[in-house]
Amino acid sequence: MSLARAEADRDETEATKKTVTAALAQARQEASQAQRELSALTDSAHQGDIAKAQAQVRVNEAAERIVDQLGLSVADLLEEFAPDEDFDRAAVTKKLKQAEKDLRVLGRVNPLALEEYKAMEERYSFLSTQLDDVLQARKDLMGVVEEVDGTILQLFADAWEDVEAEFPKVFQTLFPGGEGRLVLTEPDDLLTTGIEVEARPPGKKVKRLSLLSGGEKSLTALAMLVAIFRARPSPFYVLDEVEAALDDVNLRRLIALLEELRESSQLIVITHQKPTMDVANVLYGVTMRGDGVTRVISQRMTPVSAAASSAGAGAAPEPPAESV
């Protein structure tokens, strides 16, 4: 009996042992599974902390960019631009893309823009003042130009009338029987007009200077010159070889004009023509002596009429101051 009970207890104990062993194995398996889940949760929590920290960094960076680029705090931005219940994401996204496009067109934000704008504003103010001064100076100069133009027009018109009136008279003296006159090319614009000389010597039908002979051209030019002398007299005149191309007849006519001019002016004439020297009051020249040395000589001339009248008096009168 005892053996049977012992065997029964043993069997029961073995069964209990197996049950406990199976339960222990199950508990160990569940503990291992729980440990694995705990490790996974720990890792997940660690990754969450890292993601949270990274997200916080990005949020801080975004907040800094908002302050730098927009000049607004996050709270002010959310208060003014936070979406409401009627938020249209598609419309806002389209508006955002357009804003980004406009921003790219504007380029990067220049932090020195205010200083540069102030400098440019000062430069603009300075240049504007300078421009106003230039415009005022231009206005003043234009007024001076108009005044000068008016004076020139008046002086030229007066001189033109006098020379135009004198030229035909002088031309008649140098070309007896001929006709000459001065013509303005643009009489309506005296500041830009030219002057044409029409000359018709006696016995010729031509009027253009290019068709005249060399002597006639020279004599016509002298007529123009003497007409100016008569219109606007001067205390003295210097003439250099003006009669070199003239023949004896025309030279005598020119000398008659020169004698008229020296009644009111002094004439200094450089010449090689003997008839011109004959009417001079004083001659100045250069001669060479036998030893090859040149010297300047002067000779005061006495008119024939004056010499004849003074023959009985025993002294010649003092010649006039004019010299040819």
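Sequence positions, counted from 1, serve as the residue numbers for this chain.
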Item to check | Flag side-chain contact, heavy atom, 4.5 Å: I195 against T185 | outcome: no
Checklist entry - Does a side-chain heavy-atom distance below 4.5 Å link T294 with T287? => result no
Item to check | Connected-component partners of L127 among ILVMFWY, side-chain separation under 4.5 Å | outcome: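 ILVMFWY cluster around L127 also holds F126.
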Nearest heavy atoms of [X] and [Y], plus distance in Å:
X    : Y    : value
P176 : P202 : O-CG, 3.3 Å
M301 : L283 : SD-CD1, 3.7 Å
N250 : D247 : N-OD1, 2.9 Å
D248 : P275 : OD1-CG, 4.0 Å

Next on the checklist: Around atom CD of E12, are there more than 12 heavy atoms from other residues, nucleotides or ligands closer than 6.0 Å?
Outcome noted: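 For E12, atom CD is not crowded (no more than 12 foreign heavy atoms under 6.0 Å).
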Checklist entry - Looking at R36, E30, R28, which one forms a side chain to side chain donor-acceptor pair (under 3.5 Å) with S32? => result R36
Item to check | Pairs flagged by ring pair (Phe, Tyr, Trp, His ring centres under 6.0 Å) wherever residues 216-248 is involved - sequence neighbours left out | outcome: F229-Y237
Item to check | Side-chain donor or acceptor of S125 paired with backbone N/O of E121 under 3.5 Å | outcome: no
Checklist entry - Do T276 side-chain atoms and H272 backbone N/O form a donor-acceptor pair below 3.5 Å? => result no
Item to check | Pairs satisfying side-chain hydrogen bond (donor to acceptor under 3.5 Å, both in side chains), at least one member in residues 217-233, at least two apart | outcome: D162-R232, R230-E260
Next on the checklist: Using the rule that Ile, Leu, Val, Met, Phe, Trp and Tyr join whenever any side-chain heavy atoms are under 4.5 Å apart, tell me whether L251 and I270 fall into a single cluster.
Outcome noted: no
